[in-house]
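Quick notes on the structure that follows.
All values below come from the heavy atoms of this structure, side chains included, with hydrogens, waters and symmetry mates left out. Remember, it's a predicted structure, so these values are computed and weren't measured experimentally.
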Amino acid sequence: MKLSLLKNLILSFSTLLILILLAEIGLRFFYKPLNSGWGWDDSPRRNLSNYESDFPNQIGLRGQKINYSKDDFVILLLGDSQVEAATTSPNKMPEILLENHFKNITKKTVKVFSLAASGWGQDQQLFALEKYFEIFRADLVLIWLTPKNDFWENAFPDRNVGLTAGHLKPTFKIVNNNLNGPYFIPHGYYKNSSFLQLLFSAIQNYNKKTIEQLILDDWKKDLPEPHKLLNKNIVNSFEVDLNIYSQNILQLSDSTNISVLTYEDFLNGRSHFTPYLKTKSNRDNYSIEITKKLINQISEISKSNHAEMFVFYPIRDDFDVISKKCVKYVKSYYFPDFHFEVNLDYINILEQTVPSKNLFMFKINGGDEICIDFKDRHLNDLGNDQVMKNVTDFILNSNFIN
């Protein structure tokens, strides 16, 4: 009797496994497992490029193919949308501009390759760099840091400034004062099982949430405390919507007391104003600390692969001079009776985050003429060329190339 019961249990269990396996195989045709991260093909700014020759490199990122000889000096540009440069032609990308500046200056051939995509922070840059060094080499690794974005991006497992979760990405967290991760690597969630993800999606849909939201909510539980709403403090200032402010930033340069209204979730540290509130939350400080650790890890990996590492930042009138002078408060549309004082001093926070020996900053000139247009203040070809000329001078003056 016991033997018969055992046989029945084994048969039932085997049948269940076979049914789950068949369901997994069948679901792959109709339900794609949750992915994480993005490259050029699924970049948020991919649709801005209309060039037939616009293909990704071997890492899946926008840029020329990674080819070099043993005598070439190899530079990697790590960054986000500015390095990706989706609106410009492939032969005018920052990597190509930088290469061209070295021609006829040095006898050694300089090759430059991009590890960047729109919306990336140092977390995905680190992940991509590790992947790069598994196959290729480099002599110099340069991070084009974006202090408006990178801090809050590095603190979360998704990419969105709102209340709801965005697209997942490979990322890291601080555990016992050490950088831990990566979490949510591509094809790694629930063992990349369509069956399990569909099951949990159904449960989350019943609770009116997405899987991404479940992950984000659990992640935030492990983060330090965010800002709290305390006393109402309506102030006398000139209020401007964030999008309007960004588009008209040069026209507003004479103002000195602007309140920026935003739907961004800056109270929870998910905002372009993180970590620039004058009174920082523990979560704001965490965004600085994890950025420090990510940059340090990029430096360590570079060193272990015989490459130098530097962070550079072009100082601009619109972001760095005007914003610091004009914007004094940020206010949430969700809580209109609360104003938070800000100090948009990107340079100061950068100097707190990156060791001075690894930080290179320089001024570039121009207003609207170096931007794509007034709605999109990414640098255009003229602005990028200014940046790459300064980077070229820095490299030559530092005697990296013999």
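- Annotation: cation-pi geometry not satisfied between K278 and F340 (NZ/CZ under 6.0 angstrom from ring centroid, within 45° of ring axis).
- For K292, the NZ atom is densely surrounded, since the number of other residues' heavy atoms within 6.0 Å is greater than 12.
- At least one donor-acceptor pair closer than 3.5 Å links the side chain of N380 to the backbone N or O of E369.
- Residue-environment remark: NZ (K363) exceeds the threshold of 12 foreign heavy atoms within 6.0 Å.
- A cation-pi arrangement, defined by a distance under 6.0 Å to the six-membered ring centre and an angle within 45 degrees of its axis, is absent between K169 and W38.
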Inset, instruction - List the steps, then state whether salt bridge (Lys or Arg N to Asp or Glu O under 4.0 Å) holds for K325 with D254. - result: CA-CA 9 Å; K325 176 174 77 80; D254 291 333; 5.3 Å; no
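- Between the CD1 atom in I174 and the CG atom in L223 there is a gap of 9.5 Å [rounded to 0.5 Å].
- Using modelled atom types and a 3.5 Å distance limit, the side chains of S237 and S259 yield a donor-acceptor pair.
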Inset, instruction - Take E99 and K103 through the salt bridge (Lys or Arg N to Asp or Glu O under 4.0 Å) test and state the conclusion after the steps. - result: CA-CA 7 Å; E99 268 192 19; K103 288 180 179 177; 5.3 Å; no
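- Looking at N296, D123, N154, D150 one by one, the single match for side-chain hydrogen bond (donor to acceptor under 3.5 Å, both in side chains) with T291 turns out to be N154.
- With hydrogens and angles left out, the side-chain atoms of S89 and N91 include a donor and acceptor closer than 3.5 Å.
- Among Q82, H378, K92, the single residue meeting the side-chain hydrogen bond (donor to acceptor under 3.5 Å, both in side chains) criterion with N384 is Q82.
- In summary, the side chains of D265 and Y334 do not present any donor paired with an acceptor at a separation below 3.5 Å, with no hydrogens or angles considered.
- A 4.5 Å side-chain heavy-atom check between S302 and I298 finds at least one atom pair inside the cut-off.
- Remark: the backbone N or O of I301 is paired with a side-chain donor or acceptor of S304 at under 3.5 angstrom.
- With a 6.0 Å radius and a threshold of 12 heavy atoms from other residues, nucleotides or ligands, D222 has its CG atom above the threshold.
- Within the model, atoms CZ of F238 and NZ of K328 stand 15.5 Å from one another, a figure rounded to the nearest 0.5 Å.
- Taking the ring centre of W152 as origin, the terminal cationic atom of R270 falls outside the region bounded by 6.0 Å and 45° from the ring axis.
- Taking the centre of each ring, Y276 and Y346 come in below the 6.0 Å mark.
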Legend entry - Step-by-step salt bridge (Lys or Arg N to Asp or Glu O under 4.0 Å) determination, K324 to D320: CA-CA 6 Å; K324 180 182 176 183; D320 301 284; over 6 Å; no
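- The closest side-chain donor-acceptor pair between H306 and D139, if any, does not fall under 3.5 angstrom.
- Contact annotation: the side chain of N178 never approaches that of F172 to less than 4.5 Å [non-hydrogen atoms, C-beta and beyond].
- The side-chain heavy atoms of M309 and I295, taken from C-beta on, include a pair separated by under 4.5 Å.
- Side chain to side chain, N243 and Q247 fail the donor-acceptor criterion of an N or O pair below 3.5 Å.
- Side chain of H167 to main chain of D158: no donor-acceptor pair is present (N/O by atom type, distance under 3.5 Å, no hydrogens or angles).
- For NZ of K65, the number of neighbouring non-hydrogen atoms (other residues, nucleotides, ligands) closer than 6.0 Å is greater than 12.
- The environment of NZ in K220 is crowded: more than 12 heavy-atom neighbours from other residues, nucleotides or ligands sit within 6.0 Å.
- In this pair, Y68 and F113 present their aromatic rings tilted. The plane angle is within the 30 to 60° band.
- No donor-acceptor pair under 3.5 Å is formed between the side chain of T88 and the backbone N or O of A85.
- In terms of modelled atom types and a separation under 3.5 Å, the side chain of N248 and the main chain of Q251 share no donor-acceptor contact.
- Of all heavy-atom pairs between L216 and T164, the closest is CD2-C, 4.4 Å.
- Ring centers of W144 and Y313: at least 6.0 Å apart, outside the cut-off.
- There is a side-chain donor-acceptor pair under 3.5 Å between D72 and S69.
- Atom-to-atom distance recorded for F310:CZ and L140:CG is 7.5 Å, nearest 0.5 angstrom.
- Inspection of the Q213 and D217 side chains reveals an N or O donor paired with an N or O acceptor under 3.5 Å.
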Inset, instruction - Could you walk me through whether K331 and E239 pass salt bridge (Lys or Arg N to Asp or Glu O under 4.0 Å), step by step? - result: CA-CA 9 Å; K331 186 174 80 167; E239 296 188 349; 2.8 Å; yes
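- A donor atom on one side chain and an acceptor atom on the other are found under 3.5 Å apart for Y245 and S323.
- Using cut-offs of 30° and 60° for the angle between ring planes, the F338 and F335 rings count as perpendicular.
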